[in-house]
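Read the numbers this way: they start at 1 and go in the same order the structure lists the ligands and their atoms. Please read all numbers here as calculations on a predicted model, not as lab measurements. The figures that follow rest on heavy atoms only: side chains count, while hydrogens, waters and symmetry mates do not.
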Amino acid sequence: MEKNLWVIANWKSNKNLKEALEWMGIVGPNLSKRENIKVVVCPQFSELEEVNKAIRVGNFPLIVGSQDLSPFPAGAFTGEESASTLHQYIGLAILGHSERREAFGETDEIVKQKVKQANDQGITPLVCVQESTTPIPDHCQLIAYEPIFAIGTGNPDTPENANKMAAVIKSKQDNKIEVLYGGSVNSRNVAEFVKMEHLSGVLVGKASLDGKEFVRIVRSCY
Ligand code: PGA
């Protein structure tokens with residue numbers, strides 16, 4: 001049986017609407033429907049609605065995700081994007097990314113609150129952990145192991161070490177979770193990661209911005 005894989009594009013603070021739709025026009029028609037592969041695109045909040053629409057109109061095998069969401073419910077929280085509003089557009093939310101922990105002071109406690117908000121609204125939380133010791137909140141099924149040295153540096157972890165870390169993370173959760181790898185993944189190295197026993201896919205930053213490169217990445221997982 002083929003294993004289930006996630007391939008997730010994290011655009012970070014890149015792409016205006018025009019660029020986002022151009023990417024959809026390149027990637028959408030070039031993906032084939034595979035039962036075992038879930039492909040997710042995570043644009044900025046302002047692009048979520050239109051990206052979602054493009055996927056529906058094109059009937060593309062893509063899921064929309066966000067790069068964050070509010071730790072609070074709907075209410076008087078100026079500037080926050082609540083899960084109760086986001087859930088109409090997204091199926092998944094990246095939470096606890098190292099860039100948010102570093103630049104926005106996001107703590108393990110805040111990540112925990114965000115996970116709760118996501119789960120309450122039926123959004124799958126994808127929690128990023130930087131080490132095997134990073135706390136994982138309850139009710140998380142999907143984790144991304146993303147060592148800081150590998151993010152945006154062109155210097156990925158080795159597939160063997162990522163596999164080892166995934167095994168440790170899974171064993172602490174009774175092996176009931178899926179672990180992805182993220183950090184300088186591209187079309188040349190992705191196959192080596194996804195063939196590892198304990199890895200269930202990849203979270204891709206920089207290399208996901210180029211539509212053609214992202215198609216190559218997904219196809220390397222077929
Ligand atoms: P990168 O980013 O692929 O550019 O290293 C990955 C991430 O930050 O999720």
Atoms in ligand 1 flagged as close to G152, the criterion being non-hydrogen separation under 4.0 Å: 1 (P), 4 (O), 5 (O)

Salt bridge (Lys or Arg N to Asp or Glu O under 4.0 Å) partners for E131, two or more places apart: none

Salt bridge check, E106 against K114: does any charged N sit closer than 4.0 Å to a carboxylate O? yes

Looking at G65, is its backbone amide N or carbonyl O close enough to the side chain of Y89 to form a donor-acceptor pair, meaning the two atoms are under 3.5 Å apart? no

Against ligand 1, does A150 come closer than 4.0 Å with any heavy atom? yes

Taking atom types as modelled, is there a side-chain donor on N163 or Y181 under 3.5 Å from an acceptor on the other? no

re atom 2 (O) of ligand 1, the protein heavy-atom contact at minimum distance is K12 NZ, 3.3 Å

Side-chain contact, heavy-atom cut-off 4.5 Å: S66 with F45? yes

Residue, atom name and distance, where the atom is the protein heavy atom closest to atom 6 (C) of ligand 1: G205 N, 3.6 Å

Could you tell me whether some N/O pair between G182 and ligand 1 is separated by less than 3.5 angstrom? no

Please answer: with hydrophobic residues joined when any side-chain heavy atoms are less than 4.5 Å apart, are F193 and M196 in the same cluster? yes

When you look for heavy atoms under 4.0 Å from ligand 1, do you find them on the side chain of N10, its backbone, both, or neither? side chain

Geometric class of the W11/W23 ring pair [parallel <30°, tilted 30-60°, perpendicular >60°]: perpendicular

Are any of the N/O atoms in S184 less than 3.5 Å from those in ligand 1? yes

Using a 3.5 Å cut-off on N or O atoms only, is T153 in polar contact with ligand 1? no

Atoms of ligand 1 under 4.0 Å from any heavy atom of L203, numbered from 1 in the order shown, are 9 (O)

In Å, rounded to the nearest 0.5 Å, how long is the span from CD1 of I151 to CD of E102? 9.0 Å

Can you figure out which of K206, E146, Q67, H97 has its heavy atom closest to atom 8 (O) of ligand 1? H97

What are the atoms of ligand 1, with element, lying closer than 4.0 Å to any heavy atom of G183? 5 (O)

Does the residue A207 have a heavy-atom contact with ligand 1, meaning some pair of atoms that are separated by less than 4.0 Å? no

